[in-house]
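Here's the structure we're looking at; comments come further down.
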2 protein chains.
Amino acid sequence: MEDVAGLAGVSAMTVSRVLNAPEKVRPETRARVLAAVQELGYRPNFAARSLVTGRSGVLGVVSMDTTLYGPASTLYGIERAARQHDYLVSIASLQALTRRSIAEGVERLRSQSVDGVIIIAPHESAAEGLRHLPKDLPVVDVGGGEGVPVPVAAVDQASGAARATRHLLSLGHRTVWHLSGPANWIDASGRIRGWRSALEAEGCEIPEPLVGDWSAQSGYEHGRRMAHDPEITAVFAANDPMSLGLLRALREAGKRVPEDVSIVGFDDVPEAAYFWPPLTTVRQNFGEVGGQALQLLLDRIGGVEGDVRRMVEPELVVRESTAQRR
Amino acid sequence: MEDVAGLAGVSAMTVSRVLNAPEKVRPETRARVLAAVQELGYRPNFAARSLVTGRSGVLGVVSMDTTLYGPASTLYGIERAARQHDYLVSIASLQALTRRSIAEGVERLRSQSVDGVIIIAPHESAAEGLRHLPKDLPVVDVGGGEGVPVPVAAVDQASGAARATRHLLSLGHRTVWHLSGPANWIDASGRIRGWRSALEAEGCEIPEPLVGDWSAQSGYEHGRRMAHDPEITAVFAANDPMSLGLLRALREAGKRVPEDVSIVGFDDVPEAAYFWPPLTTVRQNFGEVGGQALQLLLDRIGGVEGDVRRMVEPELVVRESTAQRR
DNA sequence: CTGTTAGCGCATTCAT
DNA sequence: ATGAATGCGCTAACAG
């Protein structure tokens, strides 16, 4: 910076001003400095600035398995939004969602002095972890449940599940079975809630939910059993991979979809339109959730207080895996 | 830090040593310092350390669309490996893989003084971008082509494609058609190369490759056309989503897989085993690639010179979408 | 093994 | 509108 100042014939201070508050410097001086910056290829030292301002310009994201479609898309949304606000995003991925591992991930990020952290941890045990966070670090949760002590951005799972269920009911099905995710996942319980309330509202019988583990394999295994039950004419599966497994199991057992059984999934992964048959499913706008989470975090960093919940509405995408009950 | 030093009755320097080179401090002193650190909840200031050491402990990853299975998995592998070496990973995702956008991503990362950058950009235009990188920044490329001027970690695409092709040939098919990715993607051209050479080695006719865009939709569209040609009994598709589209198109047209047409994909996404029929495909170990890339980068940061290529062998996973020619 | 001195590159404060 | 002095928190180099 001294060099730049020298070349431009000003003091280091002026260079600093040009970079941080250009309007406080006379245009001609500014131009000279900028030219010098260009010529010398000067790059501000981030660590030094951070040392004196106390802010790093880096945000952290703690997440489990960023390989899954949901977390990956959310992360992508966060990163895109962060870029627009001139923030960089660092990631800490977790092996498990225990209170300890969450604390550890946050700690790792914090030791690099991130300005705030977004936690993607749609699991009950995460809520516990969120309660024991350092108070002096702005934190936002993505997909968190009700009792979470920090701002939350999430897709309205219950609403999406209700849409799916009502769609099936409107097709004349007596009731709707549910292949759910593991019970201690926030998303899973939200979807169960929405499904159940939609059935209740219509006075339908409420079957016991079948519990899968999100994988296509678990959908397949449950599907093999369901195929034997002629009562089952409509199934709402809690995500698209399970729907895929379900689809295959039913077909192998000689059931036709949607003629014999209608199926609705959840997520709308890019491939869902090319399942066989094309899958009716509930689309989650993860990018939007990521953007909302970032905004919430920026607010927090800016000193805005209070617990906020930003809910994003999911959307039912009707394709060919659902049909009128016969 | 002064406070810690005071409480432990030592100088600030000793505290610093305890944190960075514990073996250079007498155990009892060390214990006292550690206790003081605990009690005061002291956290080293990262920016200050970085300012004086010149290293930040942060690595950058530049990638396009971390939503796709390949990049997401690679990123995950990198992050996991980085954690073991006490590095944090920051990401810069790109909208497009032009020379400009790559330079911009690297620049964004560099302005936050990352110690090195890994570029996931399996696209030809990226090679151009890689040639114009700052010389003073350690860079490693994932999935890059031959002429790339930096160390590269990648799956051996040609080898995987050859395996897939030979598998089909060994099943008695006269030749193998290829549904490729866009020509300017490194992976796509590597797979074309491997497929072609395997056909040549057996003296088979080499059909013109059909060019898709990686999406299930493009697989579907090409599939509709291919279904009319009775000559086509074996297809090697350049990734799993295209295979999915292909599968559906063929079936809709009344062709059976694998009885009428055999299909091999590439990637082995988690759902591939639940396609209908379960997809024979080539598994890429992205985690391994990520780990290798990180190691390469660490070497570079450590001053190791030279262009290195670390190739990871893919593996053929035989399932039920391929069968003997009838 | 431990302490002292110095300075990393920048922004804040107070002058001019 | 610009400059000079000061210190952010830490570690490298040297001294003891």
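Quick note on labels: first sequence line is chain A, next is B, and so on, each numbered from 1. Because only heavy atoms are used, hydrogens play no part in the values below, and waters and symmetry mates are left out as well, while side chains stay in.
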In terms of the nearest nucleotide of DNA chain C, which residue is placed more toward the 5' end: B/Ser11 or A/Ala47?
B/Ser11

Value in whole Å for how far the P atom of C/dT12 lies from CG of A/Leu19:
13 Å

From the options D/dG3, C/dT4, C/dG9, select the nucleotide whose nearest atom is closest to the side chain of A/Ala48.
C/dG9

Of C/dT12, C/dT2, C/dC10, the nucleotide closest to the side chain of A/Pro44 is C/dC10

Closest to the side chain of B/Val52, out of C/dT4, C/dC10, C/dG7, is C/dG7

Taking everything shown except A/Glu313 itself, do over 12 heavy atoms lie less than 6.0 Å from its CD?
yes

Below 4.0 Å: OP1/OP2 of D/dT2 and any side-chain N or O of A/Arg26
yes

B/Arg32 with B/Glu28: basic N within carboxylate O range, under 4.0 Å:
no

Sugar-phosphate only, base, or nothing, as touched by B/Phe46 at under 4.0 Å among non-hydrogen atoms:
nothing

Check the distance between D/dC10's P and B/Asn45's CG and give it to me in whole angstrom.
5 Å

Counting only side-chain N and O atoms of B/Asn20, is one of them less than 4.0 Å from OP1 or OP2 of D/dT11?
yes

If you look at every strand shown and take non-hydrogen atoms under 4.0 Å, does B/Val25 touch a base, only sugar-phosphate, or nothing?
sugar-phosphate

Rounded to whole angstroms, how far apart are CG on B/Leu40 and C1' on D/dG9?
15 Å

Counting only heavy atoms from other residues, nucleotides and ligands, does the tally under 6.0 Å from CD of B/Glu23 exceed 12?
yes

So if I take every side-chain heavy atom of B/Leu51 and compare against D/dG9, D/dG3, C/dG3, which nucleotide ends up nearest?
D/dG9

Is the shortest side-chain N/O distance from A/Thr29 to OP1 or OP2 of D/dT2 below 4.0 Å?
yes

Check the distance between D/dG9's P and B/Glu2's CD and give it to me in whole angstrom.
10 Å

From A/Leu88, A/Ile78, A/Leu75, A/Val61, residue fulfilling side chain to side chain contact (heavy atoms under 4.5 Å, CB included) relative to B/Ile91
A/Leu75

Atom CD of A/Gln112 to atom P of D/dG9: distance rounded to whole Å?
17 Å

Looking at C/dC10, D/dG3, D/dA13, which one has an atom nearest to any side-chain atom of A/Met13?
D/dG3

Check the surroundings of atom CD in A/Glu39: do more than 12 heavy atoms from other residues, nucleotides or ligands lie under 6.0 Å from it?
no

B/Ser16 side-chain N/O to D/dT11 phosphate OP1/OP2 under 4.0 Å:
yes

Is the A/Phe286 to A/Tyr76 ring centre distance short of 6.0 Å?
no

Euclidean distance, atom CE of residue B/Met1 to atom P of C/dT4 [Å, nearest integer]:
13 Å

Does OP1 or OP2 of C/dG3 have a side-chain N or O of B/Thr14 closer than 4.0 Å?
yes

Rounded to the nearest Å, what distance is computed from the NZ atom of residue B/Lys24 to the P atom of nucleotide C/dT2?
13 Å

I'd like to know if B/Arg17 reaches the base of C/dG3 with its side chain such that a donor and an acceptor end up less than 3.5 angstrom apart.
yes

Distance, rounded to the nearest Å, where A/Asp3 contributes CG and C/dC8 contributes P
12 Å

